[in-house]
J.: 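Quick one: the structure is below, questions incoming.
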Amino acid sequence: MKIAFLGLGAIGRPMAARLAPLHQLTVWNRTAERAAAFASEHGARQASSPRDAAAGAEVVITCLPTSADVLSLLDGPDGLLAGLERGTLFLDCTSGDAATTRHIAERLAPLGVDFADAPVSGGTNGAAAGTLTVMVGGDPAVFERAMPVLSAFGKRIVHMGSLGTGDSMKAVNNMLLGVNILALGEGLTALVKAGVSPRVAVETLNASSGRSFVSESLIPDRVLTGAWPNTFRLALLEKDAGICLQMLRELGLPAPLLERAGALLHEARGILGEGADYLEPIRLAERRSGAEIRG
Ligand code: NDP
């Protein structure tokens with residue numbers, strides 16, 4: 001299939017790399033050198049603009065920080081709308097927001113382009129291994145069309161419901177991820193301060209009922225080891241928490257715990273900066289307590 005992939009960031013790159021051996025791939029990235037490097041490594045075509053990427057593509061995939069970024073690629077002489085052809089399938093793997101997703105779909109409808117939100121979970125390693133979870137919002141027929149494409153990088157591909165429900169699912173998932181990170185920072189530093197060895201605390205937690213993906217996988221691999229790799233920016237996690245809170249407000253649901261977590265992630269983003277990794281709020285807990293989760 002002729003597929004265009006736009007957005008070769010931390011997660012977009014390994015997703016596109018999974019498509020390259022299976023399809024005729026065209027790539028576009030805002031910073032052109034990154035697309036050039038990817039194209040030469042994976043034998044893909046580098047497009048000169050979003051319009052050039054979309055021209056002739058049967059499927060267009062975007063993976064940008066926000067839905068607003070995707071919307072910004074639509075217009076202008078070099079925009080996607082100028083290149084998209086009737087019948088094209090457009091999948092947005094951005095962790096976006098439902099309102100903007102529906103707006104994008106409205107812009108695409110007159111062109112006869114099928115659109116679905118298809119955000120992913122599973123991290124950069126999951127993308128490279130092809131084991132991502134993909135949360136799809138859109139018509140059932142569009143979901144069926146998307147399945148074979150998404151299976152290049154997705155293992156569990158779930159139809160969540162109508163347009164925007166993939167975004168909603170992803171936003172709640174990542175809010176809960178953020179809650180776990182913040183809670184583990186506070187809980188584990190307290191245990192260390194109380195005299196428990198960090199490794200023993202983590203191992204005991206992981207054999208008990210307070211465990212989570214963060215405690216079982218991320219803390220042992222990245223925090224106890226002191227590796228702290230940069231794979232997913234805290235700024236993007238905080239953006240996801242904001243989308244979740246907006247959704248709760250629109251639904252008229254009070255969520256005092258999640259509001260507080262969102263505020264703490266916002267504060268952490270301000271302190272740690274745009275390049276910080278999503279686990280780094282744990283560093284703030286370490287700094288505040290004077291206890292290190294290492295061992
Ligand atoms: P990065 O910040 O690593 O990369 C962002 C990508 O988007 C880059 O290719 C960047 O181009 C491009 N970009 C940014 N702004 C614009 C714009 N205004 N117009 C065009 N291109 C733009 O993000 P990730 O790859 O980590 O994340 C992408 C999406 O996937 C986000 O929604 C994120 O929440 C989600 N996600 C990320 C995961 C991860 O583990 N990293 C896991 C699951 C979901 P340039 O190279 O020029 O900067």
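Whatever order the structure lists ligands and atoms in, that order sets their numbers, starting from 1. Nothing fancy with the numbering, it's 1 onward along the sequence. Everything numeric here is computed off the predicted structure, so don't read it as measured data. Atoms considered below: every heavy atom in the structure, side chains included; atoms not considered: hydrogens, waters and symmetry mates.
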J.: Does ligand 1 have any N/O pairs with the protein under 3.5 Å, and how far apart?
T.:
residue: ligand 1; atom: 2 (O); partner: Arg233; partner atom: NE; Å: 3.1
residue: ligand 1; atom: 2 (O); partner: Arg233; partner atom: NH2; Å: 3.1
residue: ligand 1; atom: 3 (O); partner: Ala10; partner atom: N; Å: 2.9
residue: ligand 1; atom: 9 (O); partner: Leu8; partner atom: N; Å: 3.3
residue: ligand 1; atom: 9 (O); partner: Gly9; partner atom: N; Å: 3.3
residue: ligand 1; atom: 9 (O); partner: Asn29; partner atom: OD1; Å: 2.6
residue: ligand 1; atom: 15 (N); partner: Arg30; partner atom: NH1; Å: 3.3
residue: ligand 1; atom: 18 (N); partner: Asp69; partner atom: OD1; Å: 3.2
residue: ligand 1; atom: 25 (O); partner: Ala10; partner atom: N; Å: 3.0
residue: ligand 1; atom: 25 (O); partner: Ile11; partner atom: N; Å: 3.0
residue: ligand 1; atom: 32 (O); partner: Leu64; partner atom: O; Å: 3.0
residue: ligand 1; atom: 32 (O); partner: Pro65; partner atom: O; Å: 2.9
residue: ligand 1; atom: 32 (O); partner: Ser95; partner atom: N; Å: 3.0
residue: ligand 1; atom: 32 (O); partner: Lys239; partner atom: NZ; Å: 3.2
residue: ligand 1; atom: 34 (O); partner: Lys239; partner atom: NZ; Å: 2.9
residue: ligand 1; atom: 41 (N); partner: Thr231; partner atom: O; Å: 2.9
residue: ligand 1; atom: 46 (O); partner: Asn29; partner atom: ND2; Å: 2.8
residue: ligand 1; atom: 46 (O); partner: Arg34; partner atom: NH1; Å: 2.5
residue: ligand 1; atom: 47 (O); partner: Arg30; partner atom: NE; Å: 3.0
residue: ligand 1; atom: 47 (O); partner: Thr31; partner atom: N; Å: 2.9
residue: ligand 1; atom: 47 (O); partner: Thr31; partner atom: OG1; Å: 2.5
residue: ligand 1; atom: 48 (O); partner: Arg30; partner atom: NH2; Å: 3.0
residue: ligand 1; atom: 48 (O); partner: Arg34; partner atom: NH1; Å: 3.3

J.: What orientation do Phe115 and Phe90 show, parallel under 30°, tilted 30 to 60°, or perpendicular over 60°?
T.: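 If you compare the ring of Phe115 with that of Phe90, the planes turn out perpendicular.
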
J.: Run the side chain to side chain donor-acceptor pair (under 3.5 Å) check on Thr101 and Asp117 step by step: do they pass?
T.: CA-CA 7 Å; Thr101 282; Asp117 46 311; 5.1 Å; no

J.: Under the salt bridge (charged side-chain N to carboxylate O under 4.0 Å, His left out) rule, what pairs show up with a residue in residues 74-93, not counting sequence neighbours?
T.: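 Qualifying pairs, neighbours excluded: Asp75-Arg107.
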
J.: Given Tyr278, which partner from the list Asp240, Asn174, Leu218, Leu236 fulfils the side chain to side chain contact (heavy atoms under 4.5 Å, CB included) test?
T.: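 For Tyr278, the side chain to side chain contact (heavy atoms under 4.5 Å, CB included) test succeeds with only one of Asp240, Asn174, Leu218, Leu236, which is Leu218.
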
J.: Under the criterion side chain to side chain contact (heavy atoms under 4.5 Å, CB included), which of Ile157, Val149, Leu150 is the partner of Phe153?
T.: Leu150

J.: Among Val223, Asn230, Ile181, find the residue that satisfies the side chain to side chain contact (heavy atoms under 4.5 Å, CB included) test when tested with Glu280.
T.: Asn230

